[in-house]
Structure formats: structure tokens, C-alpha cells
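A short write-up of the structure that comes next.
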2 protein chains.
Amino acid sequence: MPRVSPNRAPGRPPRGHSPASDARFHRRLGEVLGHATEVFCEKGYEGASMRDLSRASGMSLAGLYHYFGSKERLLYLIQKETFTTILQKLKTRLEESDEPEQRVRIFILNHLEYFLANQEGMKVLSHEDEALKNGLGSEIAAIKREYYRICLGLMEALKRERHLDFDARTAVMSLFGMMNWIYTWYNPRVDGNARELAQRMGDIFLSGVMSGDPRSTRRRSRARHKL
Amino acid sequence: MPRVSPNRAPGRPPRGHSPASDARFHRRLGEVLGHATEVFCEKGYEGASMRDLSRASGMSLAGLYHYFGSKERLLYLIQKETFTTILQKLKTRLEESDEPEQRVRIFILNHLEYFLANQEGMKVLSHEDEALKNGLGSEIAAIKREYYRICLGLMEALKRERHLDFDARTAVMSLFGMMNWIYTWYNPRVDGNARELAQRMGDIFLSGVMSGDPRSTRRRSRARHKL
DNA sequence: AATTAATTAGAACGAACGTTCGAACTGAAT
DNA sequence: ATTCAGTTCGAACGTTCGTTCTAATTAATT
């Protein structure tokens with residue numbers, strides 16, 4: 001009976017070992033992923049070689065293949081963990097409020113806090129968006145789609161509550177652009193921490209989106225430039 | 001007297017030829033650059049090989065080196081032409097108005113129109129931002145800085161005229177993020193043309209930035225969330 | 001202590017990389 | 001007709017790529 005791989009599936013802990021060695025296994029695996037994230041962040045996925053990753057992580061070339069199976073799978077694991085984490089944090093935090101505007105604020109703050117705390121991983125996630133092929137790529141794409149749809153839902157809830165008529169898709173994509181572009185310019189000495197940044201970006205974005213609120217008397221800008 | 005290169009500087013037209021052959025030279029060079037832009041756009045700078053570029057452009061490997069000298073110089077020429085063009089178009093268009101809000105609108109429209117008309121080049125410019133090293137990279141960086149400073153100037157003019165107090169740096173960077181992120185999501189069938197997009201993005205951004213205008217009665221959103 | 005599985009290491013694989021070379025070719029100027 | 005710079009080409013350079021192989025070493029289980 002032929003087996004596709006001579007070893008067990010890479011990245012899985014060994015069968016029937018002690019909990020101690022399981023823990024060591026996962027810790028080692030996480031360390032390597034951390035170093036790999038740094039290298040991918042600095043040199044890009046295509047620009048980083050397996051030898052770069054080997055050197056940075058202190059694990060031999062053969063060791064990397066023993067643990068991860070391929071370069072592509074390494075990127076996949078980084079992206080999956082990063083995206084899964086930010087998505088899970090978001091879901092938890094969204095339980096804090098039912099108020100539409102506040103929920104959008106939570107979304108922005110969650111995204112920026114995680115982005116700045118885990119800048120390398122989020123850059124790899126944003127910048128190497130098209131690097132994964134076939135199955136691995138579509139799995140990440142599915143998480144992204146869920147993340148997008150949550151944000152779209154928040155936006156439409158806001159529209160409904162305030163009787164606004166802006167285009168939710170453009171708004172969500174613009175918001176993602178504002179936030180994901182950060183890795184190209186953020187400087188902690190100048191731009192403050194995540195809370196301050198989320199406050200400023202949230203003000204710009206939400207005031208912009210809500211400027212058509214009928215409860216507001218101010219229609220000048222929109223009216224003047226219609227068509 | 002030693003010469004650094006056995007040939008003339010690559011990418012320059014030959015000396016003392018007829019205008020006809022000069023024109024042919026430039027046309028050929030432009031065609032290759034166009035095909036190279038497509039390949040860089042699709043596979044990324046590191047992911048695209050000189051053989052890919054050769055195949056796509058119909059010019060032999062050695063021919064590419066005769067014209068361009070190196071892979072890096074090819075990317076450099078693409079980025080420089082793209083950036084120089086959008087910058088020059090902007091300067092021309094800005095002469096159309098003295099009114100600060102209108103000038104910001106012009107900036108947005110110019111950026112988006114050129115971005116969508118020349119999507120591949122702009123993606124290569126945005127996405128391969130860190131690919132060029134040393135001299136070539138800093139030359140592109142200088143153009144980028146000028147482009148940024150113009151936008152910052154427009155924003156500060158707007159602030160002065162309307163007595164606003166938002167952070168201009170965050171605003172400019174957010175605006176760039178909104179606009180440059182487009183290449184990851186734009187779909188002409190859904191999202192309309194550049195004018196429509198510039199209208200919607202401009203509304204979101206400008207209403208957001210101007211929500212602190214003392215001439216407006218609406219301070220709700222800002223006031224509630226201060227600190 | 002013996003056995004077995006998991007992990008590491010070094011060397012090597014063929015393929016592809018960016019780049020160079022020398023010779024052939026072209027077309028206008030002598 | 002000859003010259004000569006500009007152009008094009010196939011072939012090859014040395015290096016590095018992602019990956020695999022085999023054997024040695026370690027750690028856990030019997």
C-alpha cells in the first residue's frame with residue numbers, strides 16, 4: 001500500500017508521545033514560524049530562500065522540510081495563524097457592544113491593535129496575498145472572505161440604523177485600504193499607539209461615512225459634488 | 001581610458017542615427033517595458049524571471065540586457081516612468097483650481113484615473129516598493145516624497161482655510177491607503193469608473209476630514225469619542 | 001538493554017536563476 | 001564595396017533555488 005508521504009503529515013505533533021514532548025514540539029514549531037515571519041516580511045516570499053529561513057531559525061534545511069513539508073506550507077501556516085487569531089479576537093470583542101457605530105469602532109481598533117502588535121505577520125498576510133496557489137490559497141481566501149463579510153455586515157447595520165445611503169462595498173474596501181497600508185508608513189515615534197491611530201482613523205472614516213445622516217444638517221459637501 | 005561598460009549606457013538611444021531609427025528604438029523599448037510591466041504585475045518582481053520577460057516581450061535574453069542592463073534597471077524604468085507621468089499630470093491639473101477642497105478632489109481624481117487606466121504599472125509601483133536597492137531605489141523614493149509632500153500641502157491648505165485641526169499626516173497616509181489598495185479589489189463591472197469611484201472616495205474622505213469644521217454644526221461623533 | 005520512532009545533519013539532485021560572451025547579422029555612412 | 005556601430009542570437013557561465021536522500025543521532029517505549 002503506497003503512501004503519498006513517507007512521514008506523517010508535516011506540522012502535526014508525533015503520535016503517542018508524552019505531553020512534555022508535545023509541548024516542546026509546538027514551542028519549537030512556533031519559534032521557527034516566528035523567525036520565518038521575520039524573513040518573509042523583510043525579503044518577501046519569493047525573495048526569501050529556504051536557506052535564509054534555515055539560518056534565521058537555527059533549524060537545518062532538512063529539519064524545515066521534516067516539520068513543514070514545503071516553503072509554501074510555511075507561508076500558509078503563518079498566514080493561517082495570523083488571520084485566525086485576528087478573526088477570533090474580533091469575534092470576542094464584538095460581543096461587547098450592540099451599538100452599530102461602536103461596533104465599527106471595535107472593528108477598527110481590533111484590526112489596528114493586532115496589526116501594530118504583530119506587524120510582521122500582518123505585512124506577510126497583506127503583501128503576500130497572491131503567493132499561495134490552489135488549495136492553500138483558497139483556504140486563506142475563505143478566512144479573508146469571512147473577515148470581509150463581518151465588516152460589511154457592521155457597515156450595513158450602521159446604514160440601517162442611521163438611514164444612510166453610502167456604498168458599503170466601497171466604504172469597507174476603503175477602510176481596509178486605510179488600515180492595511182499602515183505597514184508602509186507607520187512610525188511609532190510619530191504616529192502614536194494603536195488606540196490613538198484607531199481614534200484618528202475612525203474619526204476620519206466614520207465622519208465621512210455618516211456625513212449623509214439625515215439627522216445632520218450638514219449636506220454641503222455631498223450636495224455640491226453630486227454627479 | 002577604461003570604460004565601465006563596453007557599450008553605451010543601456011536604455012539610451014544610439015548616437016547620430018536618423019530620427020526614424022531613433023523613433024523605432026524608442027517604440028521597441030516602450031513595447032518591452034509594457035510587456036515587462038504585465039509580467040511583474042502578475043508574478044511579482046522576484047517571482048518573474050528574465051526568461052519570463054524575454055518570452056513575453058519577444059526579445060531574446062541577450063537583447064534585454066543590451067537594452068536594459070539588468071533586471072533591476074527594468075523595474076526602475078517602469079517605476080520611474082509610471083511615477084513621473086502621474087506626477088506630471090497632477091501638476092498640470094492642479095493649475096485648474098485655487099480652491100483647497102477642489103484641489104484635494106483633483107488629487108484624488110487624478111490618482112484614481114491614472115491608477116485605473118494604468119493598473120498594472122501602478123500595482124508594480126505600489127507593490128514592489130522595496131525591491132530596488134541603493135541608488136535606483138532612492139531615486140524613486142525621492143519622486144514619492146515629492147508626491148507625498150504635494151498632497152500634504154493640499155491638506156494643510158484645506159486645514160488653514162477651514163480652520164480644521166485634524167492630523168494631516170494620518171489623513172494623507174489614510175488617503176493613500178484607500179487609493180492604493182484598489183488594485184486588490186477593484187472590479188470594473190461592480191465598482192464603476194474612476195470618476196464615480198473618486199466621487200465616492202472623495203466624499204468619504206473629505207466629509208471625514210472636514211467634520212471638525214467650525215462652520216458645521218455637527219460635532220457629535222468627534223465630541224463623543226475624544227480620549 | 002533492546003527496540004523503535006522522531007529528529008537532525010550534510011551532501012547531493014536537477015532545474016532555474018541573473019548575467020555574460022562571442023559570433024553572426026543589419027543597415028546606414030564612407 | 002567596405003566599414004563599423006548597433007543589434008540580435010544561441011549557448012554557456014557560475015550560483016542558487018526548492019527539494020530529496022541516506023545515514024547518524026537522539027529520545028521515548030518496551
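Throughout, protein chains are lettered first and strands after them, A, B, ... in sequence-line order, and every chain is numbered starting at 1.
Taking only side-chain nitrogens and oxygens, A:Arg28 comes nearer than 4.0 Å to OP1 or OP2 of C:dT8. B:Ser49 has a side-chain polar atom (N or O) that falls below the 4.0 Å cut-off from OP1 or OP2 of C:dC17.
Here the P atom of nucleotide D:dT16 and the NZ atom of A:Lys43 are 11 Å apart, to the nearest Å. Atom C1' of nucleotide C:dG22 and atom OH of B:Tyr65 are separated by 18 Å, given to the nearest angstrom. Spacing between atom CG of A:Leu29 and atom P of C:dT7 amounts to 10 Å, rounded to whole angstrom units. Distance A:His26 NE2 to C:dT7 P: 11 Å, rounded to the nearest Å. For the pair B:Leu74 CG and C:dT19 C1', the computed distance is 13 Å after rounding to whole Å. Between the CZ atom of A:Phe68 and the C1' atom of D:dT20 there is a distance of 18 Å, rounded to whole Å. At whole-Å resolution of the value, CD in B:Glu72 and C1' in C:dC17 are 16 Å apart. One can place CD of B:Glu46 at 18 Å from P of C:dA16, the figure rounded to the nearest angstrom.
For B:Met59, the listed nucleotide lying nearest its side chain is D:dT8; candidates were D:dT8, D:dT19, C:dT8. For B:Ser70, the side-chain atoms get nearest to C:dT19 when compared with the rest of C:dT19, D:dG18, C:dT8. Distances were taken from every side-chain heavy atom of B:Lys71 (C-beta onward) to each of C:dT8, C:dG18, D:dC17; the shortest belongs to C:dG18. For B:Leu61, the side-chain atoms get nearest to C:dT19 when compared with the rest of D:dG18, C:dT19, D:dT8. Considering only the side chain of B:Ala62, D:dC9 comes nearest among D:dC9, D:dG18, D:dT8. Out of C:dG18, D:dT8, C:dA12, the shortest distance to the side chain of A:Arg51 is found at C:dA12. Side-chain proximity of B:His66 to the nucleotides C:dT7, D:dC17, D:dG6 is greatest for D:dG6.
Checking B:Ser97 against B:Arg103 by side-chain atom types alone, no donor-acceptor pair falls below 3.5 Å. Between the side chains of B:Tyr76 and B:Glu139, at least one donor N or O lies within less than 3.5 Å of an accepting N or O.
Ring geometry, A:Tyr148 versus A:Phe176: the interplanar angle falls from 30° to 60°, so the pair is classed tilted.
B:His35 and B:Phe40 have their aromatic ring centers separated by at least 6.0 angstrom.
A:Arg105 contributes atom CZ, which lies 10.5 Å from atom CG of A:Leu158 (distance to the nearest 0.5 angstrom).
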